[in-house]
Amino acid sequence: MPSANTDAAIQATGLRKVYGSAVALDDVSLSIPSGTVYGFLGPNGAGKTTTMRILTGLTRPTDGSVRIAGTDVRDRRALAPRVGYLPETPPLYDEFSAREQLDYVADLRDIPQSTAQERIERYLSEFELREDADKRIDAYSKGMKQKTAFVQAVLHEPDVLFLDEPTAGLDPRAARRIRESIAAFADEGTTVFLSTHILPVVEAVADEVGVLFDGRVVAEGTPAELRERAEGEGGSLEDAFLAVTSGGAEGLGSGETVESTAGASASPAAPDASNDSR
Amino acid sequence: MSAGGDLRHGLRIARAELSRSIRGYGRDWRRLVGIAFAVLFLGGYLLVSLPAAYAVGRRTGSIEAIPFLGAGTSLLPVGLVGLAALRTLERIGRPPAEDLLLLTTHPRAVVLGLIGAELGRLAVWFGVPIVALVTAFGFGLGAPTVIPALGLVALPLFACSAVWGYTLGIGLLRAFRRLPTIRRLLKIGGIGGFVVLTFGSQLAGGLIAERSIQASGLLDAVSIRPLVSYVSLAFVGTPLADSVSLAGLGVLAALIALTPVGVVAATQQASALWFTDTSVTAEPSETKTGGERLAAPRPFSVVKSGRIAWGHLLRAVRKPQEFTHLILLVFFLGPVGTTVVQAADDALGPLVAGIGVGLGTYLAGATFGLNPLGDDRPHLPFLLLSGTGVRTIVRGRALAGVALGLPVAAALPAASVVLGTHLLHAAVFAAVGAGTVVAAAAFGLGLGAAYPIYEEREFWGTETVVPSTLVMLVFLAIVGGGTLIALLGTWVTLTGGLGLSPLVVGAAVVYLALTAGGPYLSYRYAVRRYRRYHLE
């Protein structure tokens, strides 16, 4: 288990989530420094969304604690201005236009009106939404909805940004726009927690990668480190992912805590324990 | 953030939710037509009622003399709490765009916003007629000040009732989540309660009429004096009241004190509900989905539409909660039930046979037919590209309805023989039932296809698409009326009360033509709607 890092943007310790007798998360600990883009990988049903919901305070863990930018996630009032969250299904109101939606969110976030208007116009232009900004969202394409939801998540310029499959189903142009924005936010010091199945996106933008399997973090490191350790399997991030999610972490020869060059750390499960929880 | 900040956010959320609702009404022209019908229908009543309210205002010499004030004032908060709890169970137990709102603002603001939006919707639906009636009454009284005064008095009462109704609803949702068995029992109990309430009200009405009980005495019995005193505050300064009552002020103080307490309780309950995942049972419940049951048995397996019908029936058995809309029939069973209870011995058998025909006909049309496009929507891309003809798909739905309704329409007349129905009569009733069942199954499909509802709604914790209430009512009116005519005609013919005059034959021909032609055209329309679905 990593030691508590008071400077970490995301500090999760001993997270466990149990539904009945089914263990969704088991002793997940994360320590992610500010400004890191953290790629969070895992097969379907591994517990990625549960982890994200716990990290954003939307779901209570059975055990363990989370601090985001130094704030306990149970303190919702303090947490709200620090985090932005783009869930897999964009939380938008079909009856609103993009501009109305963003105005509404800015109002609820108490962003001063002049600042909000400046940001809204800037983001609408950057994401090529300006021409359609006054059309109702129910007429938008998937990509337009996703971009609107992305803007909504970053409008208050949060310290930590949680993105759940932000580029899934997008055309290359829209996907690239989102990827560039993720990199830009990270450059400005925002910590990005990126959950996705699209490995090239992770390879392109992530500083650190964590792999969740059967409710446990089974591997963690930079993309280069994971690739390097999967050389026997072919050497790509996909090979590394398949190796750790098919038979635990032994495929990478790990089993010990991985300390990455960027400083993020997790507690990977012992290889033979990764399947025990289900 | 302060309570004031949450209140401001709550008002913003309420405004947004209300705006979404109004835009939602305007988005669908069919819904607008439904609303226009409702406005025309109720507007007529309102126009007739306004002079009456004015006349009451002119004649009234005391608060006690205002008709129904005591009972109305006392029943209003109870009704509002019940309504708010039901709306919470059905619609607003979780906020829309939940992830967004809960990460943007405090749950207390969300609770305030959802309750505020409900009050706003109530005002949109009922505000105009109520204000019109109160205005007419106020001008009749010669004291227009009563109009804003009643508004001021109503606000705390409505707010307090809505807040506690929401708290009750959220509390029930939490209880349902923790104890799913309670939910199932309450559903059964709720249906039973509706039946008892409907039968009870019919019996009570009969008793009141028989024994000449004065309704005013009953109404006085349910009046709560302090609440009447509270509403009387609105009349201070008018010819009806000249002083402020202490009891009225006490109720006002209680309402003002209880409302924030309710908000605190609702926020605690809502936070616990929203930030806790649905508990999952240790092992997935045993579902009988073996291949042997998926294979349609005879006679369903003979034709493709039969196999499709079997699929619908399997779905119905495995997820019966998708058919909650069928409960509407309970309201119409009340009078029939009372008639059964009061029926003479020799009439009981035919009555049961008739009920069987009516029930079977209802099930045949209403179970699978009243929202076919909405129900099929997730599968339409597959269905329409599957190579199966649209007619077969639509026929499959109709067959599923027939397969459900026909046994009921045949079995109850057969069983009524035990209660004294002549065997031949029972057979004729069953034959009539077979005809109305087929007609209803076909008619329901066209009617439902004309006004599809695609949005899933959470009803008592289950996400499902249910037919439009307007469609249900039209179906009940047309099919119910048609079936009743068929049953009465059959009964009168069987008992020899109807000779074969040209008029009777002509009426029978017209009836049969309508019963066959209407459903056929309706079925054709449903097929057309499926074919043109991709054009929408």
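So that the names make sense, note that chain A is the first sequence line, chain B the second, and so on, each numbered from 1.
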- Query: Heavy-atom distance under 4.5 Å between the side chains of B/D99 and A/R53, does that happen here?
  - Reply: yes
- Mind checking whether B/I22 and A/E95 have side chains closer than 4.5 Å, heavy atoms only? no
- Query: Using non-hydrogen atoms only, which part of A/R109 is less than 4.5 Å away from chain B: side chain, backbone, both, or neither?
  - Reply: both
- Do A/Q152 and B/T104 come close enough that some side-chain heavy atom pair is under 4.5 Å? no
- So with a 6.0 Å cut-off around CZ of A/R122, is the heavy-atom count from everything else above 12? yes
- Flag side-chain contact, heavy atom, 4.5 Å: A/Y85 against B/L100: no
- How long is the span from the CZ atom in B/R12 to the CG atom in A/D103, to the nearest 0.5 Å? 7.5 Å
- Message: Would you say that A/L108 contacts B/L101 through its side chain, given a criterion of any heavy-atom pair below 4.5 Å between the two side chains?
- Response: yes
- Note on the structure: Closest non-hydrogen contact found for B/L103 with A/V83 is CD2-CG2, 3.8 Å
- What are the two closest non-hydrogen atoms of B/F275 and A/G57, and how far apart are they? CD2-O, 3.2 Å
- Query: With a cut-off of under 6.0 Å to the ring centre and 45° to the axis, is B/R23 in cation-pi contact with A/Y93?
  - Reply: no
- Item | chain B contact via A/V105 - which portion, at a heavy-atom distance below 4.5 Å | both
- Query: How about B/R108 and A/R76: do any of their side-chain heavy atoms sit closer than 4.5 Å?
  - Reply: no
- Given the rule in the side chain to side chain contact (heavy atoms under 4.5 Å, CB included) test, do A/D94 and B/R20 qualify, once you have shown the distances and angles that lead to the verdict? CA-CA 8 Å; A/D94 281 351; B/R20 289 180 58 228; over 6 Å; no
- Message: Using every non-hydrogen atom in the two residues, find where B/R8 and A/D107 come nearest and quote the distance to one decimal.
- Response: NH1-OD1, 3.6 Å
